[in-house]
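Let me begin by presenting the structure, written as structure tokens, before commenting on it.
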There are 2 protein chains.
Amino acid sequence: MDAQPKDLPTNPSTPTRTARARPRGRGYASGDARRTRILNIALQEFAENGYRGTSLARIAERAELTQAGLLHHFRSKQELLVAVLDLRDRMDTEHLDLGVLPLGGAAALDKLAELAEHNRNIPGLVQLFTVLTGEAVTTDHPAHGWAQDRYAMLRSGITASLEAGRASGELRADIDPPAVAAQVFAMMDGLQLQWLLDPEHVDMATLFRDYVEHLLRRIRA
Amino acid sequence: MDAQPKDLPTNPSTPTRTARARPRGRGYASGDARRTRILNIALQEFAENGYRGTSLARIAERAELTQAGLLHHFRSKQELLVAVLDLRDRMDTEHLDLGVLPLGGAAALDKLAELAEHNRNIPGLVQLFTVLTGEAVTTDHPAHGWAQDRYAMLRSGITASLEAGRASGELRADIDPPAVAAQVFAMMDGLQLQWLLDPEHVDMATLFRDYVEHLLRRIRA
DNA sequence: CACAAAACCTATTGCACGGTAGCTTTGTGA
DNA sequence: TCACAAAGCTACCGTGCAATAGGTTTTGTG
């Protein structure tokens with residue numbers, strides 16, 4: 001039924017310990033494997049039922065250990081959520097080096113269109129962000145701060161790219177980078193939402209690509 | 001803290017009974033008042049905590065009756081949610097006659113920009129839709145069908161307007177009404193989300209108006 | 001005024017939840 | 001090989017939840 005974000009790289013080459021209080025470089029191979037396993041299952045469950053709709057017991061069951069055993073690795077439900085979000089953030093910013101190297105505006109927007117196309121193949125992940133971000137609008141939600149920071153980062157990344165493009169003369173001088181940045185992500189998220197609800201009738205990747213092309217036509221020098 | 005959608009019109013002129021099994025036109029005035037009271041409180045709670053995060057007990061407490069008393073008016077939590085959504089749908093389609101009278105494309109889009117400006121004053125309601133729609137992406141959510149239908153309706157409304165505008169020669173002949181419709185609501189929702197998370201930095205009304213203006217410049221004949 | 005229905009209550013059921021305490025097992029480095 | 005920490009277990013606690021059962025009070029109408 002759902003897109004299985006299967007086989008996260010277990011990163012067997014890097015013996016980097018999960019940052020713990022313990023300074024020693026000991027480490028259990030099976031422990032790390034379990035942790036990644038749990039994280040992936042938790043991700044799917046959070047995506048499917050939201051934070052509040054997900055139970056630790058169910059995650060534990062699917063990971064083939066007891067709920068108490070799960071809480072040995074993640075001391076609370078909230079800690080587990082944060083771990084999932086961190087994991088995704090790290091993987092995404094790796095995969096999409098957006099923000100790291102400030103591409104020219106046009107290239108950055110094109111990259112986003114590519115991302116939308118890629119996202120067609122991983123509805124489960126798209127749903128994770130859509131569901132959690134919606135929930136996190138609530139001020140007391142454990143992921144509220146995360147959602148705020150995430151959008152701030154995304155916007156500032158594209159804003160920087162647009163400003164670079166403007167400086168290099170690639171883009172018009174009279175554009176408003178922060179405004180465009182907010183609009184671009186708004187379009188992306190909104191289309192994702194409609195796509196998740198009705199994949200047959202809403203082709204988000206194409207619609208987003210279409211938006212970006214018209215946008216570029218407008219802001220290009 | 002939150003926008004209070006105060007004093008729904010009790011509709012005292014219309015003696016129309018809430019459709020019940022009972023055909024008799026008896027009715028308790030206090031009963032209807034209670035019901036609207038409950039609906040408004042439930043709306044706020046659902047907006048604040050989502051469906052899964054809201055408890056009947058809390059709603060009941062705020063409405064000054066017991067949880068069992070609440071369930072006398074709405075036989076289940078799900079029934080209460082549906083009632084809230086129905087209420088909002090009715091009120092919105094009244095206030096914004098969008099879809100009823102197919103305005104020319106430009107006028108319809110302008111009306112939407114006005115709606116975005118109006119929404120600035122009712123963050124609580126905006127949050128209701130944002131939170132619930134996010135939750136409802138999940139297939140087994142009680143509001144899943146509602147969300148699907150809602151977007152289908154919204155899109156088809158604007159699509160019709162755009163087609164009318166195209167037919168009358170107001171808009172270009174080569175536009176793609178369903179695509180534009182999806183994009184317009186995507187932009188609106190996406191901006192609402194960012195605005196709810198960070199009202200200081202994202203001015204959704206202005207950003208949406210800006211989008212609509214550029215869009216019109218592009219699709220106008 | 002009687003009576004029937006609506007409004008509302010108390011009490012309770014049964015379940016699911018997150019989290020803690022404290023034990024046993026397992027793997028590994030010295 | 002042995003000590004020790006990680007891994008994982010059973011058992012349990014307290015709470016909160018939606019919903020039901022069955023009663024009492026309120027209210028409008030004939």
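Chain letters run A, B, ... following the sequence lines, proteins first and then strands; every chain starts at 1.
One interatomic measurement links the two molecules: CD of B:Glu64 to P of C:dC8, which rounds to 11 Å at whole-angstrom precision. Spacing between atom CD of B:Glu61 and atom P of C:dC9 amounts to 13 Å, rounded to whole angstrom units. Atom P of nucleotide D:dT27 and atom CZ of B:Arg34 are separated by 11 Å, given to the nearest angstrom. The CG-P distance, from B:Leu65 to C:dT10, rounds to 11 Å in whole Å. D:dG8 atom C1' lies 15 Å from atom CZ of A:Arg37, rounded to whole Å. Summarising the geometry, the separation between NE2 on A:His72 and P on D:dA5 is reported as 13 Å, rounded to the nearest angstrom. B:Asp32 has its CG atom 12 Å from the C1' atom of C:dA7, to the nearest Å. Rounding to whole angstrom units, CZ of residue B:Phe74 and C1' of C:dA7 are separated by 13 Å.
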Between the protein and nucleotides 14-18 of chain C, which nitrogen or oxygen pairs are less than 3.5 angstrom apart?
| residue | atom | partner | partner atom | Å |
| --- | --- | --- | --- | --- |
| C:dC17 | OP1 | A:Ser55 | OG | 3.2 |
| C:dG18 | OP1 | A:Thr54 | O | 3.2 |
| C:dG18 | OP1 | A:Lys77 | NZ | 3.1 |
| C:dG18 | OP2 | A:Leu56 | N | 2.9 |
| C:dG18 | N7 | A:Gln67 | NE2 | 3.1 |

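Below 30°, between 30° and 60°, or above 60°: for A:Phe129 and A:Trp146 the angle between ring planes is below 30°, a parallel geometry.
In this structure, a donor-acceptor pair under 3.5 Å is absent between the side chains of A:Asn119 and A:Trp195. When only modelled atom types and interatomic distance are considered, B:His144 and B:Gln148 share a side-chain donor-acceptor pair under 3.5 Å.
Nearest approach of B:Ala108 to B:Ile158, heavy atoms of both residues: CB-CD1, 4.2 Å. Taking all atoms of both residues into account, the shortest heavy-atom contact from A:Pro123 to A:Leu196 is O-CD2, 4.0 Å. Contact between A:Glu48 and B:Arg52 at its shortest, heavy atoms only, is O-NH2, 4.4 Å.
The phosphate of D:dG8 has OP1 or OP2 within less than 4.0 Å of a side-chain N or O from A:His73.
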